[in-house]
Amino acid sequence: VCWVCLGVGCVGCVGCVWGCVYYFGTYYKFNNIVRAVDICFKIFQVFNLNYPHQSELVWTFIQKFIFKINTDSDVQCSSLASLLSDLNNP
């Protein structure tokens, strides 16, 4: 399980300023929210993990828009496709 906790005073992440990543029982603390999201995303990719169902579209957006990664197993969503199209073709 990998997740990102954002904000001050994350549960289980004592001393966390902006975010932490929880992965297999360990909290990794970050003072930069972008870095926390980046590391969590890379954990999903390196270990070939499925995105949590509750945040699958958010992670797919990050995957496709920020990292420009497309795979055959990507979730298909017309709203997400439309958003990506609008952002990539202003």
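Taking both residues in full, the closest heavy atoms of Lys68 and Asn88 are given as NZ-OD1, 3.5 Å, listed atom of the first, atom of the second, then distance. Nearest heavy-atom pair across Leu57 and Val75 is CD2-CG1, 3.9 Å. Taking both residues in full, the closest heavy atoms of Val21 and Ala36 are given as CG2-O, 3.1 Å, listed atom of the first, atom of the second, then distance.
Separation of atoms OH (Tyr23) and SG (Cys40) is listed at 10.0 Å; rounding is to 0.5 Å. To the nearest 0.5 Å, atoms CG (Asn70) and OG1 (Thr60) are separated by 10.5 Å. Note that the CZ atom of Phe30 and the CG atom of Asp38 stand 8.5 Å from one another [nearest 0.5 Å].
In this structure, Gln45 and Thr71 have side chains that are not in contact, with every pair of non-hydrogen atoms separated by 4.5 Å or more. Inter-residue side-chain proximity for Lys42 and Phe67 is flagged as met; some heavy-atom pair is nearer than 4.5 Å. Within the 4.5 Å cutoff, the side chain of Pro52 has heavy atoms near those of the Trp59 side chain. You'll find the side chain of Phe65 stays beyond 4.5 Å of the side chain of Leu80, heavy atoms only. A heavy-atom distance below 4.5 Å is not found between the side chains of Thr26 and Phe24.
Judged purely by atom type and a 3.5 angstrom limit, Asp86 has no side-chain atom pairing as donor or acceptor with the backbone of Leu83.
For Tyr51 and Phe44, the distance between ring centers is under 6.0 angstrom.
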- Query: Please walk me through it: do Gln76 and Asp74 pass side-chain contact (heavy atoms from CB on, under 4.5 Å)?
  - Reply: CA-CA 6 Å; Gln76 301 301 314; Asp74 291 344; 4.3 Å; yes
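No more than 12 heavy atoms of other residues, nucleotides or ligands sit less than 6.0 Å from atom CG of Asn50. Residue-environment remark: CG (Asn89) exceeds the threshold of 12 foreign heavy atoms within 6.0 Å.
A cation-pi geometry, defined here as NZ or CZ lying under 6.0 Å from the six-membered ring centre and within 45° of its normal, does not hold between Lys64 and Phe61.
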